[in-house]
There are 2 protein chains.
Amino acid sequence: MPKQATQDIETRIAALLKRCDLSVTESRRKILHLFLEQPGALAHGDIERKAGEKFDRVTVYRTLQAFVEKGIIHTIPTADNSIRYALCKDECSGGHHHDHHVHFVCSQCDNTYCLDDVVTPDIKLPKGYQAEHVEVVVEGVCKNCKG
Amino acid sequence: MPKQATQDIETRIAALLKRCDLSVTESRRKILHLFLEQPGALAHGDIERKAGEKFDRVTVYRTLQAFVEKGIIHTIPTADNSIRYALCKDECSGGHHHDHHVHFVCSQCDNTYCLDDVVTPDIKLPKGYQAEHVEVVVEGVCKNCKG
DNA sequence: ATGAAAAGGCAACATAGTTGCAAAATCTTA
DNA sequence: TAAGATTTTGCAACTATGTTGCCTTTTCAT
Ligand SMILES: [Mn+2]
Ligand SMILES: [Mn+2]
Ligand SMILES: [Zn+2]
Ligand SMILES: [Zn+2]
């Protein structure tokens, strides 16, 4: 692992936190690191496990909550009732989320992906219903698992 | 409340349970009743509350689980990580679900509706991803709250 | 370096969901 | 309709998940 590259990542992480008015702490850096070095989404449990015994459970909760509020990560609803979190594109960092992409959950490896290029379709609703936000979650077999 | 109508409902409930190879018990009848007399979906908590102190929590869990397995009800994923349950159309009762409709969660009254006539759109996925099932949940203002 | 402010750790609590087992209810069939 | 076999229920105990208050530690601005 080249020192230079690691340095860069750490710098980017610190910058992102500062830009979001979050003080740069060890747990926030660590958890953000987990998201950056991973293509898919992470469940709370994953994070707790990957972060090791190093951090208190409560800290993980509070960190994720802060990240969601600041638009660093967003939540992905799934059928099995376990919220997953994934990094937002930069544009979200403003303060409110404007993700309009589809999510994909692999039924084999259970990984969850943001399909950033697949926008959520318009849904024609019956008279009287007024849409504000559309969530689309596709379940199936992912790239890697497809044999 | 006319005796005749109540009788009919009870008969229908018993018939449905029998058709699904479920023995007709008080808790199952009661919970099925709750679904039938209500247009929207119910969360676990709702059911526990509406059924009164009469049944054990565990019984509610097991009843809902049985109903899902038999295709009597289906689950609806929501952003707030609380599974909701709603009656399936008759065709589901076979054993596996084939609901392809959109769900709607009202941000005001928090009610959840099955939009049975709004079918889930086809989603064009990137190369390599293979869809098996699509969930669409629309959040917004419902018929009753609009105004 | 120093003090104010923010975040973390701990403990205690609340809620949600699971499991094994014995008692009770339901179903079967004679 | 009266057993007996089978399911289902309730209870207790347990794990998992999430929240809150309070004090200590860390971070940040000066
Ligand atoms: Mn996403
Ligand atoms: Mn539905
Ligand atoms: Zn996969
Ligand atoms: Zn409403």
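If you're wondering where the values come from, they're calculated on a predicted model, not measured in any experiment. To find a chain, count down the sequence lines: A is the first, B the second, and so on, and within it residues start at 1. Note: hydrogens, waters and symmetry copies are ignored here, and every other heavy atom, side chains too, is used.
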Student: Would you mind reading off the distance between Lys18(B) atom NZ and dT26(C) atom P, rounded to a whole angstrom?
Tutor: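 It works out to 11 Å between those atoms.
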Student: Is there a donor N/O on one and an acceptor N/O on the other, under 3.5 Å, for the side chain of Arg57(A) and the base of dG8(C)?
Tutor: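 By the distance-only test, no, there is no pair.
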Student: Need to verify one output field. Residue with the more 5' nearest nucleotide on DNA chain C, Tyr61(B) or Lys54(A)?
Tutor: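 That would be Lys54(A).
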Student: Where the side chain of Asp56(A) is concerned, which of dG9(C), dG18(D), dC11(D) is the nearest nucleotide?
Tutor: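 Shortest atom-to-atom distance from the side chain points to dG9(C).
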Student: If I take atom CZ in residue Phe55(B) and atom P in nucleotide dC11(D), what distance separates them, rounded to the nearest angstrom?
Tutor: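 After rounding, the gap between these two atoms is 12 Å.
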Student: Specify the separation, in whole Å, of atom CZ of Arg62(B) and atom P of dC21(C).
Tutor: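 These atoms are roughly 13 Å apart.
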Student: Mapping Val58(B) and Leu22(B) onto DNA chain D by nearest heavy atom, which one lands closer to the 5' end?
Tutor: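 Final value for this comparison: Leu22(B).
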Student: Taking only N and O in the side chain of Thr59(A), is any of them less than 4.0 Å away from OP1 or OP2 of dA7(C)?
Tutor: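 It does not, given that no N or O in the side chain of Thr59(A) lies less than 4.0 Å from OP1 or OP2 of dA7(C).
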Student: Taking the side chain of Val24(B) as heavy atoms from C-beta outward, which of dC27(C), dG18(D), dC10(C) is closest to it?
Tutor: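 Closest nucleotide among those given: dC27(C).
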Student: Rounded to whole Å, how long is the line connecting atom CG of Asp21(B) with atom C1' of dT28(C)?
Tutor: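 The distance from CG of Asp21(B) to C1' of dT28(C) comes to 14 Å, rounded to the nearest Å.
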Student: Report yes if at least one side-chain N or O of Ser23(A) is closer than 4.0 Å to OP1 or OP2 of dA6(C); otherwise report no.
Tutor: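 It does not, given that no N or O in the side chain of Ser23(A) lies less than 4.0 Å from OP1 or OP2 of dA6(C).
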Student: Starting from the C-alpha separation in whole Å, work towards a yes-or-no answer on side chain to side chain contact (heavy atoms under 4.5 Å, CB included) for Tyr113(A) and Tyr129(B).
Tutor: CA-CA 10 Å; Tyr113(A) 306 93; Tyr129(B) 292 92; 4.1 Å; yes
Student: Surrounding CD of Glu37(A) (heavy atoms of other residues, nucleotides or ligands, distance under 6.0 Å), is the total greater than 12?
Tutor: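 Result for CD/Glu37(A): enclosed.
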Student: Answer yes or no: is there a side-chain heavy-atom contact under 4.5 Å between Lys89(B) and His101(B)?
Tutor: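 Counting from C-beta outward, Lys89(B) and His101(B) never come under 4.5 Å.
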Student: Answer yes or no: does a side-chain N or O of Thr25(A) lie under 4.0 Å from OP1 or OP2 of dG8(C)?
Tutor: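 Thr25(A) to dG8(C) OP1/OP2: side-chain N or O found under 4.0 Å.
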Student: Of the options dT17(D), dG17(C), dG8(C), whose atoms approach the side-chain atoms of His44(B) most closely?
Tutor: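 Of the options given, the side chain of His44(B) lies nearest dG17(C).
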Student: In whole angstroms, how far is the C1' atom of dT17(D) from the CD atom of Gln65(A)?
Tutor: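 One finds 14 Å between C1' of dT17(D) and CD of Gln65(A), rounded.
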Student: How many whole angstroms separate atom CD of Glu48(B) from atom C1' of dT18(C)?
Tutor: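 In whole Å, dT18(C) C1' lies 14 Å from Glu48(B) CD.
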Student: Can you tell me the distance, in whole Å, between the NZ atom of Lys30(A) and the C1' atom of dG9(C)?
Tutor: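 Spelled out: NZ on Lys30(A) to C1' on dG9(C) is 19 Å.
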Student: With a 4.0 Å limit, can you tell me whether Arg28(B) has a side-chain N or O closer than that to the phosphate oxygens OP1/OP2 of dT8(D)?
Tutor: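 For Arg28(B), the contact criterion (side-chain N or O under 4.0 Å from OP1 or OP2 of dT8(D)) is met.
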Student: Assign each of Ile83(B) and Glu26(B) to its nearest nucleotide of DNA chain C by heavy atoms, then name whichever residue's nucleotide is nearer the 5' end.
Tutor: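 The residue whose closest nucleotide sits nearer the 5' end is Ile83(B).
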Student: Supply the atom-to-atom distance Leu32(B) CG to Cys20(B) SG, rounded to the nearest 0.5 angstrom.
Tutor: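 Leu32(B) CG to Cys20(B) SG: 9.0 Å, rounded to 0.5 Å.
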Student: With sequence neighbours left out, which residue pairs that include part of residues 135-147 of chain B fulfil the side chain to side chain donor-acceptor pair (under 3.5 Å) condition?
Tutor: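 Matches after skipping sequence neighbours: His133(B)-Glu135(B).
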Student: From CG of Leu64(A) over to P of dG8(C), roughly how many Å is that when rounded to an integer?
Tutor: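 Spelled out: CG on Leu64(A) to P on dG8(C) is 11 Å.
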